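Please read the structure below before turning to the comments.
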Amino acid sequence: MRYHLRALRLELPALAEIPLVEVCELLPSLGFPVDGVEARETDPILDVDVTANRGDAQSHRGLARDLSARLGAALAPLSHTALAEGEALFPIRLEADACPIYATAILELGSVQATPEEAVGLLGAMGANAKQLAAVDASNELLHRYGHPTHAFDADTLKGALIVRWGREGERLVGLDGVERKLTAEDLVIADEAGPVALAGVMGGDATKVTASTRRVLLESAYFDPRVVRRMAHRHGLHTDASHRFGRGADPAMAPVARDLLAARLMAWAGARLVGAWTAGALPGVRPAVELAPGLLNRIAGEAIPLEEAELWLTRLGCQVARSGEGLQVQPPTWRHDLAIPEDLAEEVLRLRGFDRLGSALPPLEGPPQPLESGYLQRRRVAARLAQLGFFQTVTYGFVDPEEPPLGDEAAGRILANPLGQEYSLMRGTLLRSLRATALANLAQGAREVRLFEIAPTHRATPAGPEESWTVGLLWAGQAGGEDPLSPVRSLAPEEGRAFLLGVLEDLGAVAQPVPVAEDGPLGWMVELPLAALPAHSERIIPPFRPFSRFPRVERDLSLLVDLAQGYRELADAMAASLRACAGSAFQDLRCVDVFRHKSLPTGRQAWLMRMRFQALDRTLTGEDVDAWVAAALEAARAHGAERRA
Amino acid sequence: MDLNLLPLEIQEAHAAFPVALAACDELDALNRLKGAYTGREGSHAARLMDLLKTAPKEQKRDLGAVINGLKQAWEEGLKSRQAELEAARKQVAGLAAHWDAELPRPLPARGALHPLTRVMDRLVDVFRPLGYHVEEGPEVETEAHNFDGLNIPEDHPARGSADTFYLNAHPGLLLRTHTSPVQVRALKRLAPEITARGGIRFLAPGRVYRKDEIDPTHSPMFHQVEGMLVGHDIGLHHLKGTLAYAMKALFGPGAEVRFRPSYFPFVEPGCEMDVRCPLCGGAGCRVCKGSGWVEILGAGLVHPNVLAFAGIDPAEWSGFAFGMGVERMAMMLSQTPDLRLFFENDQRFLAAMGGLD
Ligand SMILES: [Zn+2]
């Protein structure tokens, strides 16, 4: 909200002594952060953030009131002469509880209207243009200065009695903005005998508005239930200055006062003459007083606050404070709807006193610390391991483009009702699409090799709603190496990329089948699996001891000629099985360490260099042992059509 | 050469010799093997000499021939292996002499955790010593958890479809707009054991959604870390002490913070905390809008209604809660100028963010 420093100083004269920079420190310390200052050097306008609970501060006088409480400096007196009320000139009937009081007056305007410079300046600072219609400008000026919305009707356009009532289905109203709106039974309206003339607390009607030819005005200064106004403003998408203030709770006691102030301005600015003033309804009853016990205040403050001090601050805010037993009996002022429980009062005392005066301490432990949840630890461990293995963690949006409507029944259960756009409308069931999009974007940016992973929830629709499960996705695409002289860039064979991902999965302790990133796109593979499919986090700090051999290890290579179509897993498994059978625990490892394909080899064959490792726990192996085992492995390989390469 | 004249263990040692020899891939290992077979004391050869001394006269000749043959075989084997290893070492040394150590060396591929993960992990680590554990909740939430249980009235503007994403097929379900619903879930779940546990304290990191258009400072999905503590006689000074500790852990011991009153429906009193603008150091810049301070989190004492809603007696228990935006914190910690970079996932950005400076 915008505040004109000059107008603030008008309400709180002591502010004239305080430089702007200090005002900009004072306001945040009271809960009103300053987002910016315009015209800092000339005629400053402050952009101040007012929280939703402080409707009362949405005016210059309202904000000045908080400053005055902090500074202990008096507000300028309201230049207000109460109008002498008389008989109602015509009936005003309040038929809905949402409007307990409606103060009004009829004035006859003079022939010359002029909005004073000072008011034009304030309206300009608020970003509004003076209309040079006294009734309109004065109502606006009052709103910004005192925060109470008022309205003026052209009295000669009204037909018969005014009624504040609920709308009726089928009724329509053209607003000041020229838009026709359908009304419902949840709309609170001001109506004359012909129908609605205004949306209560939100916007006046076009047919009854004040124009340059208006001769007689009827003033409205009422109080409307904030919840009703908020709902109306929301339903009609009409967020006006008036709905903003009524919606956050105006001061009912201001209803007659604002009427008087408005009338006084019309007399001064337009030579108006009062025809009559009267009020329908009455001020709502006082809300129950709130008890503030010293124990609660001291607990919240973390120190003993003298009761007299609390009393002083609350009184400065406008509360009626009385001693009651140990504590205080506090009647909040009519403009503070937000003060309802003892905690609210404690906050006010400490806020005015200054949060910077609060102490600072760590709360003592009252029980043993709780362990971290194992799912969380597992995700942290998996992420750290993948980063170690060379993958970059990505974070992408949880909603994606449904891509191919019509969706199946399952996906329909994951669609948002009000997405930002089609491309953000489906809660994703897979991470692969996000990973692929990220990979393609990186390749398009010139990345040579892309290694990505994401750990995030994916969703699956159920009758009760989308159910989420933590998922990890991995992607590799591009070429390998090239970052240093020893690893030249090379394109990988398609299966190498897949094997790489399989190796990473094995490292994580998982089994899953990678799929190509794109059928016809760049080379790459990706895979995803639920975190639940990975080994759970173990509470074990280090693994159990397993004895290792202190005897020499023997390594033997066996070069095999195999068919080009030979499956590796099958051959290796057969050889390993035979080694295990004869060497037992002395057999440690078997793997292919080199693949050789050359025209010197027989047609249709390739050479695999198989490396075997042996080591016994209890003795030094002899050459004879190992020779026999290697022979057995060769025998097993022969059974699969392999032969020893000479 | 009749090995049968020799004890069994010597026979076995001889059989294992070629394997053991081949396994020596360094001179040190070879020297150890040499000691074991031909050393002056305690070796197989020394044992054989002892054997020869004590053998009956008529056997000495044959035995002597066998022993000599054996010793010779071992010595030759050791000698030729030694020559091989020395040659290999020379070759390596020659290579090293012509190798400029400044040339880039092959390193294992480097990956990185996402910067937002790093910030969230660090927050958990910072709060661990204070006894906070981690609580989590789903991204698709009920209105009851996201709003009702947090004292947010039914007609609050944040509940509207202009601010909150709702599920099409489930009108009561939404994408959580903050991590605060985890408060509601955790309080409800832990309420029965609150006395036994000696209160509740946890951190809730996670993804949240609001209907904001994407721009340099807004994103429809972002991250928050919620913190909550419930205990006896908890006051604003505890909140202040806890957060001041955390901010010093994150921004360094010189971090300057200030508390301001503020308002959130689920706390009372409510406050916000600012840190001295890390970009301008307080002089005023675009990031801090000239004020020298940057808002970093919202907090407050838990509203008695929130405790009561979860079945915890607000007359006995009190607490505080705070919530911070992870992106904003990451931007401040790294001076990253545009929030969209965190969701673009360009590997160059991710690699740089994986480092220290
Ligand atoms: Zn700055």
Side-chain angles (χ1 to χ4, degrees), chain A residues 28-29 31 35-36 51 53 227 230-231 299-302 343-344 347 351 355 358-363 365-367 369-370 372-373 376 383 387 390-395 397-398 412-413 415-418 420 438 442 445 447 451 457 465-466 468 484-487 552-554 620-623, chain B residues 15-16 18-20 23 103-106 109-114 116-117 131 133-134 138-140 155 160-161 165-170 173 197-199 207 211 220-221 229 231 233-238 240-242 244-245 259-263 268-269 271 289 301 342-343 345-347 350:
Chain A
S29 78
D35 284 346
T51 50
N53 60 326
R227 272 165 307 174
R230 279 204 299 268
R231 272 187 229 134
R299 188 262 290 167
I300 290 177
E343 283 82 354
D344 295 329
E347 173 174 40
R351 184 174 70 88
F355 274 16
L358 290 167
S360 175
L362 287 173
L365 269 178
E366 296 183 39
Q370 302 294 320
L372 287 175
E373 195 249 336
Y376 171 80
F391 286 77
F392 293 99
Q393 186 181 27
T394 65
V395 173
Y397 288 163
I415 286 278
L416 297 181
N418 55 334
L420 263 192
T438 306
N442 270 287
Q445 283 286 311
R451 299 178 305 261
E468 78 179 38
D484 56 70
L486 293 186
S487 58
R553 186 175 70 186
V554 183
T620 301
L621 298 175
T622 67
Chain B
V19 175
L103 275 168
R105 280 139 293 225
R110 262 180 298 181
L113 293 179
H114 196 279
L116 298 176
T117 303
H133 69 278
V134 171
E139 292 178 14
V140 176
D155 61 349
S161 59
F165 293 114
Y166 285 86
L167 267 291
N168 198 32
H170 305 275
L173 295 181
R197 292 171 76 110
R207 295 141 61 98
K211 210 171 161 189
M221 185 193 90
L229 178 144
D233 297 322
I234 300 302
L236 284 174
H237 59 305
H238 289 134
K240 220 173 153 178
T242 302
Y245 153 81
F259 281 76
R260 295 181 278 105
S262 190
Y263 170 72
E268 186 63 50
C271 60
K289 297 182 212 147
L301 297 191
F342 292 117
F343 303 107
N345 299 296
D346 188 300
Q347 276 192 166
L350 296 176

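Below, read A as the first sequence line, B as the second, and so on, with proteins coming before strands; counting in each chain starts at 1. The structure displayed is predicted, hence computed values, not measured ones. Below, each value reflects all heavy atoms present in this structure, side chains not excepted, and no hydrogens, waters or symmetry copies.
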How long is the span from the [atom1] atom in [X] to the [atom2] atom in [Y], to the nearest 0.5 Å?
{"X": "B:H237", "Y": "A:L362", "atom1": "NE2", "atom2": "CG", "answer": "10.5 Å"}
{"X": "B:Q347", "Y": "A:T438", "atom1": "CD", "atom2": "OG1", "answer": "10.0 Å"}
{"X": "A:I300", "Y": "B:D233", "atom1": "CD1", "atom2": "CG", "answer": "11.0 Å"}
{"X": "B:L229", "Y": "A:E366", "atom1": "CG", "atom2": "CD", "answer": "7.5 Å"}
{"X": "A:L416", "Y": "B:Y166", "atom1": "CG", "atom2": "OH", "answer": "12.0 Å"}
{"X": "B:D346", "Y": "A:Q445", "atom1": "CG", "atom2": "CD", "answer": "5.5 Å"}

Nearest heavy-atom neighbours spanning B:G131 and A:L365
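Looks like CA-CD2, 4.4 Å.
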I need the minimum non-hydrogen distance between A:P28 and B:P261, along with the two atoms involved.
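Heavy atoms of A:P28 and B:P261 come nearest at O-CD, 3.6 Å.
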For the candidates [options], which exhibits the highest count of non-hydrogen atom pairs separated by less than 4.5 Å from chain B?
{"options": "A:P552, A:P369, A:G359", "value": "A:G359"}
{"options": "A:G36, A:G31, A:G413", "value": "A:G31"}
{"options": "A:A383, A:A412, A:G398", "value": "A:G398"}
{"options": "A:Q370, A:R231, A:E373", "value": "A:Q370"}
{"options": "A:R553, A:R351, A:R230", "value": "A:R230"}
{"options": "A:L420, A:L621, A:T622", "value": "A:L420"}

As an exercise: rank B:P220, B:G235, B:A244, B:G199 by heavy-atom pairs under 4.5 Å with chain A and give me the winner.
B:P220
Partner chain A: residue of B:P18, B:G231, B:C271 with the largest heavy-atom pair count (under 4.5 Å)
B:G231
Is [X] close to chain B through its backbone or its side chain, or both, or neither, when contacts mean heavy atoms under 4.5 Å?
{"X": "A:L358", "result": "both"}
{"X": "A:F392", "result": "both"}
{"X": "A:E468", "result": "side chain"}
{"X": "A:R299", "result": "both"}
{"X": "A:A301", "result": "backbone"}

Checking heavy atoms, do the side chain of B:V19, its backbone, both or neither come under 4.5 Å from chain A?
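Side chain only.
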Please look at B:F343 and chain A and tell me whether the side chain, the backbone, both or neither of the residue comes under 4.5 angstrom of a heavy atom of that chain.
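Both parts, backbone and side chain.
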Results of ring pair (Phe, Tyr, Trp, His ring centres under 6.0 Å) for A:F355 - residues two or more places apart only:
none
Just wondering, do [Y] and [X] contact through their side chains at under 4.5 Å, heavy atoms?
{"X": "B:E139", "Y": "A:P466", "value": "no"}
{"X": "B:T242", "Y": "A:P363", "value": "yes"}
{"X": "B:K211", "Y": "A:N418", "value": "yes"}

Given side-chain contact (heavy atoms from CB on, under 4.5 Å), test B:L301 with A:E347 step by step and report yes or no.
CA-CA 10 Å; B:L301 297 191; A:E347 173 174 40; over 6 Å; no
Does B:L113 offer a backbone N or O that forms a donor-acceptor pair with the side chain of A:Q393 under 3.5 Å?
no
Is there a donor-acceptor pair under 3.5 Å between the side chain of B:N345 and the backbone N or O of A:N442?
no
Excluding sequence neighbours, so at least two apart, what forms salt bridge (charged side-chain N to carboxylate O under 4.0 Å, His left out) with B:R110?
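With neighbours one apart ignored, the set is empty.
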